[in-house]
Structures are given as structure tokens and as C-alpha cells.
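First up is the structure itself, then whatever we jot down about it.
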Amino acid sequence: LWDAASQGVDGDAARVARGLARLLALDALTTALSAAEAVCGAEAFRPGTPLERLRRDASTVAQVLGDRATAGEAVAAGTFPA
């Protein structure tokens, strides 16, 4: 995330850094929520619980940032030669 924030607004390097930051952030979010849900069990999915609300928020974040495939493609396109 720091590398993405330190890049300029334009250019291939900035696009790759932003794509990688999105990809890593989405992976971290998914991993953390999955671990918390595994610990809490079925209670994590009951409407109104903090984890259920976090899961909905994570879904919104994923929609705003784009999915893993799109972020991965952006990183690959800017990192690997054609």
C-alpha cells in the first residue's frame, strides 16, 4: 500500500502499484474474515452480528476496488512483457 501511495498518479508503474495494492488488500481482507468466521462458527453469519456486517462491508469494498481477477490482470499486464 505504501508503494502504491508513493507512486505518481499517472504511468504504468503507478497502475501496477495500485493493482498490486488492491490485490493484496482484498486477499488480506478475505483471509482475515474467513479466519474470524471459522473461529466464531455459525454465530458469525447471524444477521446483525459484527462479523456479518464486516462481511457485507467487505463485499462492498470488493465491488468498489474490483475483483481479484481484474486486479491480477492489471498487475500482470504491467509487470510481464507482452
Side-chain angles (χ1 to χ4, degrees):
L1 292 174
W2 180 261
D3 289 342
S6 66
Q7 295 291 326
V9 178
D10 296 325
D12 289 336
R15 187 173 65 249
V16 171
R18 284 191 305 269
L20 186 56
R22 287 178 179 151
L23 187 61
L24 294 175
L26 289 171
D27 279 347
L29 178 62
T30 301
T31 302
L33 280 172
S34 295
E37 289 169 350
V39 169
C40 293
E43 182 65 20
F45 300 98
R46 190 171 52 86
T49 62
L51 282 177
E52 188 267 338
R53 288 193 305 264
L54 283 173
R55 176 58 75 182
R56 283 185 297 160
D57 292 346
S59 176
T60 301
V61 167
Q63 289 174 1
V64 170
L65 293 180
D67 61 3
R68 282 189 92 257
T70 303
E73 288 171 9
V75 171
T79 305
F80 302 109

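For the numbers below, each heavy atom of this structure counts, side chains included, while hydrogens, waters and symmetry mates do not. Note that the structure is a prediction, hence the values are computed from the model and not measured.
- Applying the salt bridge (Lys or Arg N to Asp or Glu O under 4.0 Å) definition to pairs two or more places apart or across chains, those involving residues 29-38 are E37-R55.
- From L26, atom CG reaches atom OG1 of T30 across 6.0 Å, with rounding to the nearest 0.5 Å.
- Rounding to the nearest 0.5 Å gives a distance of 12.5 Å between CG of L29 and CG of L24.
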Return all side-chain donor-acceptor pairs below 3.5 angstrom for residues 38-45, not counting sequence neighbours, or 'none' if the list is empty.
unit_1	atom_1	unit_2	atom_2	d
E43	OE2	R46	NE	2.8
E43	OE2	R46	NH2	2.6

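- To the nearest 0.5 Å, the span separating CG on L54 from OG on S59 amounts to 12.5 Å.
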